[in-house]
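Quick notes on the structure that follows.
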Protein chains: 2
Amino acid sequence: MSFDGQLPPKMRLLRAAAELLAKSAGAPVSTRQITQLAGVTAPTLYHHFGDKEGLFDAVVAAGFEEYVAGERDFAPSGQPLEDIRRMWDNHVQFGLNQPELYLVMFGNIRPESRPAIVADAEALMEEMLNKAAAAGQLNVQPREAARSILAANVGVTLMLIAEPATDRNLELSTMTRDAMIFAVSTDQAKAASPDDSGKSSVVVAAIALNAALQASHSDQLSSSELKLFLEWLHRISTSPNS
Amino acid sequence: MSFDGQLPPKMRLLRAAAELLAKSAGAPVSTRQITQLAGVTAPTLYHHFGDKEGLFDAVVAAGFEEYVAGERDFAPSGQPLEDIRRMWDNHVQFGLNQPELYLVMFGNIRPESRPAIVADAEALMEEMLNKAAAAGQLNVQPREAARSILAANVGVTLMLIAEPATDRNLELSTMTRDAMIFAVSTDQAKAASPDDSGKSSVVVAAIALNAALQASHSDQLSSSELKLFLEWLHRISTSPNS
DNA sequence: TAGCACCTATAGCAACGCTATATGAACTGC
DNA sequence: GCAGTTCATATAGCGTTGCTATAGGTGCTA
């Protein structure tokens, strides 16, 4: 269970910190826990990493390597915007797979002090967007697009992490993703899902009626009728395509 | 400088905590600082608030009152989507004006434990989106749209807070905002019939849905269900008032 | 005046991040 | 082969943290 093997203490500390972080379920991880699991004493930690934050930065750096590897681990599809989608999904999955690590990386915001990792992630996204721009598929500067997309990506991932795993709805991610990509892309690029115009007027009208009915109680239907009516309405308004 | 006035200790604690939080520049605020500034001792804090988090929750609740007040403090423009834009801008401004409070409210994400305030903010946004939906301006469920928009809104605000105040570029906010709103809105600004002047939105939406259903066959309902559905729809859409 | 909640203070615990100091081991120069 | 230097780890403990067991004061009602 402990890292008492023949690894050097520095490595043992890194692994112990990463493991405790992953299992901490959001609770803070103390240096005493880490050093005990690593089988060393406190000064060793401070000798190698300066302070607790230094150790965590090192863990984050290792985590970022993994993150970058994931972000590059697919063959370019030839459609840069499609690759952006995969980067987005990969980002979300990374966050959901290792929420504690993700929170240390992207969730530890402090005023006026930007985590270096955010800039790195933006650069990664911008690099990919440059290809889209070169293909004439971008209607804004790649840098601005990257910042905007990443901000939304982080926001969505944080929200999903905060939700109980049981009722996590990944549609929040895909919906926001496509919205952002569509917005920065030139119109003909078919950025949104194929059935863009497929959201027929039926669905739109059903959504409108649903909202209107809930706002003002109509007395044209009995309560039992209304219940069934709303159920059908919901079925129509959430129909996958027209 | 201290709150030694005639206010009750509970209030003094609240104000001291809020003040220290606002001035802390990201550094953690200790209970000893708070109790000293409030002019009370530790047990008083725990008597009134249970623990440190309870006190901070109370501060957040007060902050949320202010947030909600800001979100409601403008006359409805008659264009729901324009109001959504103002809610977005208001959210960002709230975060930039009181970054530490904002970070406690929206930045304190933990796995699988959703801050109550997020749900409240979503409800606020959804409420406004319902008006847009009733006007036929939404092509997704108001709830999903609210979650998506708020996630992006939080992500952008966190990014802006993390940036040095000098080179904060609010275009990141407006760009992301418009991207999200555009994505959830219908292209044709008015899906409902043009003659919506005299009739309630329920009737207008029912008429629109009726027409849309007849034009394109939805297979979400069986034929018998559809028959009854259309009958009810007719009853609603011919309702004299409501 | 007696009793009873309510509220606050004294004093202190365990855990925290961190460090002054010391010891052992490995390498270097002569 | 030995002193000098540097690196790496341990012992012990400092100051601060969130929090609490216990007790005392205060004002109300009976």
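To find a chain, count down the sequence lines: A is the first, B the second, and so on, and within it residues start at 1.
By the neighbour-count criterion of 12 heavy atoms within 6.0 Å, atom CD of A:Gln141 is sparsely surrounded, having that number or fewer from other residues, nucleotides or ligands.
Here the side chains of B:Phe64 and B:Val68 are in contact, with some heavy-atom distance below 4.5 Å. With a 4.5 Å cut-off on side-chain heavy atoms, A:His91 and A:Val154 count as touching.
Rounded to an integer number of Å, the gap from CD1 of B:Ile34 to C1' of D:dC19 is 13 Å. One interatomic measurement links the two molecules: CD of A:Gln36 to C1' of D:dT11, which rounds to 17 Å at whole-angstrom precision. Distance B:Phe49 CZ to D:dC19 P: 13 Å, rounded to the nearest Å.
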Using atom types as modelled, flag every donor-acceptor pair under 3.5 Å from a side chain in residues 49-59 of chain A to any protein atom, sequence neighbours excluded.
| residue | atom | partner | partner atom | Å |
| --- | --- | --- | --- | --- |
| A:Asp51 | OD1 | A:Glu53 | N | 3.4 |
| A:Asp51 | OD1 | A:Gly54 | N | 2.8 |
| A:Lys52 | NZ | A:Val29 | O | 2.7 |

Extract all donor-acceptor atom pairs below 3.5 Å that involve side chains of residues 169-177 of chain B and protein atoms in other chains or at least two apart in sequence.
| residue | atom | partner | partner atom | Å |
| --- | --- | --- | --- | --- |
| B:Asn169 | OD1 | B:Glu171 | N | 3.1 |
| B:Ser173 | OG | B:Trp88 | NE1 | 2.8 |
| B:Thr174 | OG1 | B:Glu171 | O | 3.1 |
| B:Thr176 | OG1 | A:Ser148 | OG | 2.6 |
| B:Thr176 | OG1 | B:Leu172 | O | 2.6 |
| B:Arg177 | NH1 | B:Asp89 | OD1 | 3.0 |
| B:Arg177 | NH1 | B:Asp89 | OD2 | 2.7 |

Below 3.5 Å between N/O atoms, which protein atoms pair up with nucleotides 4-8 of chain D? Just atom names and distances, please.
| residue | atom | partner | partner atom | Å |
| --- | --- | --- | --- | --- |
| D:dA8 | OP2 | A:His47 | NE2 | 3.0 |

Pull out every protein N or O sitting under 3.5 Å from an N or O of nucleotides 17-21 of chain C, one pair per line with the distance.
| residue | atom | partner | partner atom | Å |
| --- | --- | --- | --- | --- |
| C:dG17 | OP1 | A:Thr31 | N | 3.3 |
| C:dG17 | OP1 | A:Lys52 | NZ | 2.6 |
| C:dG17 | OP2 | A:Thr31 | N | 2.7 |
| C:dG17 | OP2 | A:Thr31 | OG1 | 2.7 |
| C:dG17 | N7 | A:Arg32 | NH1 | 2.8 |
| C:dG17 | O6 | A:Arg32 | NH2 | 3.0 |
| C:dC18 | OP2 | A:Tyr46 | OH | 3.3 |
| C:dC18 | OP2 | A:Lys52 | N | 2.8 |

Report task. Evaluate the criterion side-chain contact (heavy atoms from CB on, under 4.5 Å) for residue pair B:Leu96 and B:Ile161; output intermediate values, then yes/no. Result -> CA-CA 6 Å; B:Leu96 293 183; B:Ile161 287 178; 3.9 Å; yes

Query raised in the report: For B:Arg114 and B:Glu122, what are the C-alpha separation, side-chain angles and deciding distance, and is it a salt bridge (Lys or Arg N to Asp or Glu O under 4.0 Å)?
Result: CA-CA 12 Å; B:Arg114 214 160 119 79; B:Glu122 276 179 9; 3.1 Å; yes

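At a threshold of 4.0 Å, the pair B:Glu163-B:Arg168 does not count as salt-bridged, since none of the basic side-chain nitrogens sits closer than that to a carboxylate oxygen.
Of the residues in residues 102-115 of chain A, not one comes within less than 4.0 Å of DNA chain D through any heavy atom.
No side-chain donor-acceptor contact under 3.5 Å links A:Gln137 and A:Gln79.
Partners of A:Tyr46 by ring-ring contact (aromatic ring centres under 6.0 Å, His included), not counting sequence neighbours: none found.
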